[in-house]
A.B. asks: 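Quick one: structure below, then a few questions.
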Protein chains: 2
Amino acid sequence: MPTISDVAKRSGLSKSTVSRVLNNYPHVSEEKKERVQKAMAELEYTPNPSARKMRGALTTTIGVVVTRIVNPFFSYLVNAIEQVAYEQGYQVVVFQSNEDQEKELSFLQLMQHKQLDGIIMASIENDEEVIETYLAYGPIVFVNEYIQHMNTVPSVRINHIAAAYEGVMHLLNQGHRRIAYCTGGLFEQQGQSDDRNIGYKKALAEKGIEVDPQFVFVNKHTIEDGESVGRAIFQMKEQPTAVFTGSDEVAAGVIAAAHELNQRVPEDLAVVGFDDQPIAKITYPKLTTIKQPVDDMGRLAANLMIEALNGTTPTENETVLETKFVERDTT
Amino acid sequence: MPTISDVAKRSGLSKSTVSRVLNNYPHVSEEKKERVQKAMAELEYTPNPSARKMRGALTTTIGVVVTRIVNPFFSYLVNAIEQVAYEQGYQVVVFQSNEDQEKELSFLQLMQHKQLDGIIMASIENDEEVIETYLAYGPIVFVNEYIQHMNTVPSVRINHIAAAYEGVMHLLNQGHRRIAYCTGGLFEQQGQSDDRNIGYKKALAEKGIEVDPQFVFVNKHTIEDGESVGRAIFQMKEQPTAVFTGSDEVAAGVIAAAHELNQRVPEDLAVVGFDDQPIAKITYPKLTTIKQPVDDMGRLAANLMIEALNGTTPTENETVLETKFVERDTT
DNA sequence: GTTAAATTTGAAACCGATACCAAAAACTTA
DNA sequence: TAAGTTTTTGGTATCGGTTTCAAATTTAAC
């Protein structure tokens with residue numbers, strides 16, 4: 001690999017001059033500039049990023065942390081972030097935390113040594129205090145998840161409480177009284193899923209209905225999870241007549257279980273999904289769900305990050321995007 | 001950020017000794033070792049990766065190139081690779097090429113300056129000669145895709161010809177004679193999809209059937225693509241009675257289009273998918289498809305890469321894994 | 001009790017870039 | 001034409017590690 005010294009030698013100039021050409025500094029005569037460029041071309045020279053980072057240069061690399069990339073919500077989110085970043089000359093590297101605190105921490109640490117200029121967190125495993133520590137090394141942006149009352153980190157999210165409330169209220173208004181509930185997280189806990197839990201509870205409460213713990217399924221993420229939830233529901237003596245799920249995947253699994261057990265959707269069980277991913281249009285019947293503006297979320301988060309990297313103070317500290325209830329055929 | 005010099009100062013020793021402790025070199029007395037470790041802990045010291053790379057150290061980072069991460073086949077593949085790599089102490093960074101040659105090239109270049117130890121390519125946009133150039137900078141492993149007769153790069157793949165042949169032959173044996181065909185690539189071209197094309201043509205040829213260009217759909221990837229293919233098929237005067245698709249996504253889209261147009265699957269149109277992703281179990285009817293051992297592919301590719309990085313000559317240069325025809329309800 | 005060998009330690013060079021500073025060259029102005 | 005600016009260029013220190021080499025110390029061997 002040729003180095004800057006090789007280019008200097010070949011062009012008969014000094015490293016300093018080559019560096020100036022490389023970084024488009026003023027005060028380089030047109031003649032020498034061309035000589036340098038010629039030498040660089042001939043040697044197929046490319047600057048060594050590690051050496052640059054040593055001098056504190058930006059890496060133009062943004063990290064994105066998600067729990068699992070196989071979750072379509074995250075892969076679409078990453079895709080949107082990547083699009084914007086690429087346009088602005090930034091690289092994106094994706095990290096899967098697998099919900100592991102340690103792993104997440106090791107990603108945050110990459111900022112310390114400028115391997116990453118900034119980090120967009122689409123999932124949060126560590127505490128507020130821990131994350132705050134790393135703000136010293138570069139900007140952090142929350143997307144999808146957030147930490148309540150933490151206003152040192154800009155966030156892009158939806159109103160999970162309202163979204164869940166709307167979904168459950170729709171079912172209630174249709175006359176359902178026994179409504180099961182699936183979440184990717186826990187039922188009694190802080191954070192995102194907590195917000196959806198609140199929406200669920202609030203809707204039920206307004207109709208004077210108590211939460212039946214038997215109807216609550218926690219830590220459900222995948223199609224398989226949804227199938228097992230469906231099977232569990234259909235073998236209860238007193239079955240729920242509807243289920244509000246945490247994702248389209250889980251919902252699709254529930255529907256598949258219904259087919260298997262010869263149960264009708266929505267007659268025997270109404271189903272509401274979450275996300276409005278492409279999959280929502282290929283279940284049969286088509287899935288009623290809550291549309292998250294995943295592309296907008298990704299784009300906004302990326303823009304917030306790039307603004308922060310450019311030293312602009314963020315326009316908005318907390319952006320809450322609208323969800324949309326999409327009624328199809330499962331309710 | 002504390003540096004190695006800070007640790008040296010605090011422990012009253014030299015940088016060299018600290019470096020030796022850091023890298024587990026022999027010939028460091030137990031006493032000094034402890035002093036260094038104590039100082040490192042107190043300062044919360046972490047070594048600067050850029051500085052290390054400058055001296056040619058490995059980065060323990062593996063790059064994976066895919067076309068689009070939102071394609072579940074790729075996200076599952078990446079997931080499997082990541083698992084193995086993480087166990088072995090390697091980081092994985094994922095790149096989306098979006099089928100852009102330039103972009104792919106810029107990833108390959110990262111190896112030149114040891115930003116990446118090696119690259120696993122799950123998609124290939126550049127020519128053999130170009131890729132060969134980068135072998136000088138680190139190992140490359142092909143997975144899923146490959147380049148024929150290129151034995152300088154180990155590859156993990158399936159037999160696309162046989163897989164497509166088996167799927168199409170299944171339809172032929174059921175009596176279908178007008179069989180449509182979807183591919184993610186082109187119909188007349190080199191590479192992966194070309195292999196599937198060969199299998200399709202071969203099966204038809206054996207039954208003495210000519211390819212009807214009208215029945216061939218190219219560059220189809222998504223559920224939406226599948227829906228449009230379905231709509232196109234159902235409005236033909238002389239419709240195909242079956243369709244062999246390039247992915248479960250496309251197949252699911254075709255099935256969705258059938259529902260929309262009140263056509264029955266498989267009675268009016270039989271459908272065969274490819275991949276056997278989770279989505280194959282939630283279409284209605286459940287999708288007949290060809291199972292790719294995506295986890296095995298990812299794991300094997302990762303292991304090949306790690307072997308190569310450890311200097312071991314690869315056990316196998318070309319690993320061809322078995323696919324499995326999974327008959328469900330759409331045929 | 002020497003001498004040889006092995007272990008332990010530190011000083012200094014080095015990796016490849018950037019940044020500061022001073023010297024040289026070119027250009028203004030009086 | 002001399003003095004003062006401005007532009008252009010190169011030398012050298014620096015970032016934070018690793019590596020080489022030699023010196024100092026300890027251990028082993030005779």
Side-chain angles (χ1 to χ4, degrees), chain A residues 1-40 43-61 109-117 137-138, chain B residues 1-40 43-61 109-117 137-138:
Chain A
M1 273 281 89
T3 72
I4 198 172
S5 301
D6 298 327
V7 176
K9 208 170 294 169
R10 181 161 194 120
S11 61
L13 297 164
S14 71
K15 293 199 302 176
S16 318
T17 303
V18 176
S19 176
R20 281 191 270 263
V21 173
L22 214 48
N23 295 283
N24 265 50
Y25 284 162
H27 306 315
V28 181
S29 68
E30 205 51 44
E31 184 227 334
K32 318 264 159 157
K33 195 170 186 170
E34 274 163 25
R35 258 164 64 189
V36 168
Q37 283 166 338
K38 183 157 164 286
M40 293 201 300
L43 294 169
E44 293 185 8
Y45 166 80
T46 48
N48 183 322
S50 300
R52 285 185 148 174
K53 278 175 214 158
M54 289 269 300
R55 303 292 306 176
L58 287 186
T59 65
T60 62
T61 303
Q109 285 176 357
L110 290 177
M111 263 203 309
Q112 290 186 20
H113 296 291
K114 284 288 157 214
Q115 302 304 109
L116 255 37
D117 290 343
Y137 306 114
Chain B
M1 273 283 88
T3 71
I4 199 172
S5 301
D6 298 328
V7 177
K9 208 170 294 168
R10 180 159 194 122
S11 60
L13 297 163
S14 71
K15 291 201 301 177
S16 322
T17 303
V18 177
S19 176
R20 286 188 193 101
V21 173
L22 216 48
N23 295 283
N24 265 49
Y25 283 163
H27 307 315
V28 181
S29 69
E30 206 51 43
E31 183 228 333
K32 316 265 162 157
K33 195 169 185 172
E34 274 163 25
R35 257 163 67 187
V36 168
Q37 282 165 339
K38 182 157 167 285
M40 293 200 301
L43 293 169
E44 293 185 10
Y45 166 80
T46 49
N48 184 324
S50 299
R52 287 185 146 175
K53 279 177 215 159
M54 290 268 298
R55 299 291 300 179
L58 287 186
T59 64
T60 61
T61 304
Q109 284 176 359
L110 291 177
M111 263 203 310
Q112 290 185 21
H113 296 291
K114 285 288 155 211
Q115 303 304 108
L116 256 36
D117 290 342
Y137 306 115

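By convention in this document, chain letters (A, B, ...) are assigned in the order of the sequence lines, proteins followed by strands, and residues within each chain are numbered from 1.
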A.B. asks: Assess the side chains of Ser16(B) and Ser19(B): does a donor N or O sit below 3.5 Å from an acceptor N or O?
C.D. replies: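 No, because no side-chain N or O of Ser16(B) sits under 3.5 Å from a partner of the opposite role on Ser19(B).
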A.B. asks: Nearest nucleotide by nearest heavy atom, which residue falls closer to the 5' end of DNA chain C, His27(B) or Thr46(A)?
C.D. replies: His27(B)
A.B. asks: Look at the side chain of Ser16(B) and the base of dA11(C), then say whether one donor and one acceptor between them are separated by less than 3.5 Å.
C.D. replies: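 A donor-acceptor contact between them is present.
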A.B. asks: Among dG11(D), dG16(D), dA17(C), which is the nearest nucleotide to the side chain of Lys15(A)?
C.D. replies: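 So the side chain of Lys15(A) is nearest to dA17(C).
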A.B. asks: Is there a side-chain polar atom (N or O) of Asn48(A) under 4.0 Å from OP1 or OP2 of dC15(C)?
C.D. replies: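 Answer no for this pair, as no side-chain N or O of Asn48(A) is under 4.0 Å from OP1 or OP2.
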A.B. asks: Within the structure, does a side-chain N or O atom of Ser19(B) lie under 4.0 Å from either OP1 or OP2 of dG17(D)?
C.D. replies: no
A.B. asks: Does any part of the side chain of Pro47(B), heavy atoms only, come nearer than 4.5 Å to the side chain of Arg52(B), both counted from C-beta?
C.D. replies: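 Sidechains of Pro47(B) and Arg52(B): in contact.
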A.B. asks: Side-chain N or O of Tyr45(B) versus OP1/OP2 of dG17(D): is the shortest distance under 4.0 Å?
C.D. replies: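 Answer yes for this pair, as a side-chain N or O of Tyr45(B) is under 4.0 Å from OP1 or OP2.
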A.B. asks: Checking all strands, does Val18(B) fall into the base, sugar-phosphate, or nothing category for heavy-atom contacts under 4.0 angstrom?
C.D. replies: nothing
A.B. asks: If you measure only the distance, is there a donor-acceptor pair under 3.5 Å linking the side chains of Thr46(B) and His113(A)?
C.D. replies: yes
A.B. asks: Tell me whether Glu34(B) is salt-bridged to Lys38(B), with the criterion being a basic N under 4.0 Å from an acidic carboxylate O.
C.D. replies: no
A.B. asks: Given the structure, check if the side chain of Arg55(B) and the base of dG16(C) hold any donor-acceptor pair shorter than 3.5 Å.
C.D. replies: no
